Amino acid sequence: MRWRALPHAHLCAGMLLSLLALTLSLAANQNQVKIEQGSVFAPCDFAAIFNFGDSNSDTGCMAAAFYPEISPYGETFFHEPVGRASDGRLIIDFIANYLGLPFLNAYIDSIGGTSYRQGANFAAGSSTIRRQNRTFYDGGTPFTLDIQTAQFYQFKSRTSRLNNQGKKHFRNRFPRPEDYAKAIFTMDIGQNDIAAVIEKVGKEDSHAVLSDIVEQFATQVKFLYGQGARTFWIHNTGPIGCLPLSLHSIHDPPPGFLDHIGCINFQNDLAKEFNEKLKNIVVSLRAKLPDASLIYVDIFSAKYKLISNAKKEGFVDGGEMCCGYHENGEHVSCGNKGRLGNGTEIFGGSCEDPSSHISWDGVHYTEAANQWIANRLVNGSFSDPPLPITHSCRHSQMQ
Ligand SMILES: *[C@@H]1O[C@H](CO)[C@@H](O)[C@H](O)[C@H]1NC(C)=O
Ligand SMILES: *[C@@H]1O[C@H](CO)[C@@H](O)[C@H](O)[C@H]1NC(C)=O
Ligand SMILES: *[C@@H]1O[C@H](CO)[C@@H](O)[C@H](O)[C@H]1NC(C)=O
């Protein structure tokens with residue numbers, strides 16, 4: 001929603017949106033949104049990206065914090081493991097590129113380059129919104145969303161102090177104070193919360209837990225708003241019931257267990273319930289945070305659409321995974337060595353053509369799939385309101 005050049009600053013949002021729908025026609029090339037009637041809606045020109053999430057958008061946090069990633073992760077684009085759970089770029093990388101901003105460095109990576117001038121990434125693999133009663137070694141995460149936003153707070157306050165001291169050396173490495181309101185805050189988290197709910201189905205009230213999770217998400221959005229965040233690009237959670245790793249252990253499913261494309265119904269139903277609650281809470285946040293622009297992005301539908309149309313879109317079946325050994329009930333995960341029952345040692349290597357696969361390692365998507373998805377997200381086809389990412393800010397925040 002933007003209204004820089006509109007003569008009437010008090011047009012209501014609904015009118016603006018329908019005006020936008022009428023006047024915008026999206027050009028296929030990067031960043032350019034062609035405006036048919038004058039230059040009313042200039043692109044946002046974001047100063048920075050601050051990202052929060054899990055392995056779907058971790059660009060090096062877990063690799064810096066614990067153990068570096070191993071081959072063949074990163075083989076397609078970076079030609080080495082670079083702390084991303086894919087063979088190449090993630091959706092957040094394509095988004096950064098589309099916005100004309102550099103790839104995001106992980107906040108805790110002290111030797112990654114490392115400029116934070118145009119943003120920082122707080123996302124960490126295996127992160128959850130809600131704190132789990134587990135340590136890292138039990139599959140838990142130290143980097144829950146509340147810790148990620150606390151890290152953002154520390155990042156902002158410490159770099160602001162350095163900026164105020166006027167040291168040139170720091171000025172080129174960190175955002176300026178005025179950049180925060182002009183930044184886009186992207187969020188993609190929830191998948192591991194759903195995984196935890198799936199584990200406890202029947203042992204806890206899933207509905208209540210999901211409600212609690214989205215409440216905690218909203219608390220962190222409000223916290224970031226209090227720290228000056230104004231544009232939020234919020235991804236919902238993907239179809240966890242379609243992840244090949246969980247599908248591989250299913251044999252002779254009872255009728256109705258799988259949907260028509262072979263995904264686990266009850267798992268996707270939990271993801272959908274989370275998404276519906278997330279959407280409702282985003283809508284209520286819009287009323288509470290009137291200076292903010294909150295875009296809800298339907299990653300679930302984007303990913304599900306890709307998986308449903310795998311063949312048509314040039315991919316092998318969405319249930320296949322590229323990396324790792326998974327045959328005859330024997331599993332060696334991507335990048336690991338293992339021994340088969342008959343004694344043969346085996347490496348969980350990658351397939352011949354990762355770009356023909358949707359799933360990289362059974363949980364994470366290939367670069368090709370990420371690109372397919374990102375191409376459709378950025379032009380607004382999965383957003384509510386249906387704004388392209390280049391136009392997702394409120395222009396009043398950008399001056
Ligand atoms: C963790 O354990 C505490 C105390 O038993 C409980 O109140 C809390 O709900 C648990 N949290 C989760 C996410 O299971
Ligand atoms: C063990 O099983 C694998 C996979 O079926 C096969 O390729 C390999 O030749 C077998 N090795 C031996 C020693 O039988
Ligand atoms: C967005 O881009 C995709 C892929 O290029 C295209 O199929 C879709 O129609 C576009 N949607 C809009 C709203 O422009």
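A quick note: this is a predicted structure, and the numbers were derived from the prediction, not measured. Atoms within a ligand are numbered from 1 in the order they appear, just like the ligands themselves.
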Quick note on ligand 3: atoms under 4.0 Å from a heavy atom of N379 include exactly 1 (C), 2 (O), 3 (C), 8 (C), 10 (C), 11 (N), 12 (C), 14 (O)
- Short N/O distance, under 3.5 Å, between R376 and ligand 3? no
*Any salt bridge between D179 and R117, counting N to O under 4.0 Å?*
yes
**Q.** N342 atom CG, neighbour heavy-atom count above 12 within 6.0 Å
**A.** yes
Exercise for the section: Report yes or no: is the cationic atom of R84 (NZ for Lys, CZ for Arg) under 6.0 Å from the centre of the six-membered ring of F103, at an angle within 45° of the ring normal? Expected result: yes
Closest heavy-atom pair, N236 versus D188, reported as atoms and distance to 0.1 Å, is O-OD1, 4.5 Å
Quiz item: Got more than 12 heavy atoms from elsewhere within 6.0 Å of CD, E352?
Solution: no
Is a salt bridge present between D384 and R286, judged by a nitrogen-to-oxygen distance below 4.0 Å?
yes
Under 4.0 Å from ligand 2, residues with heavy atoms, in chain and number order, are Y325, L340, N342, T344
- What do you reckon, is CZ of R158 surrounded by more than 12 foreign heavy atoms closer than 6.0 Å? no
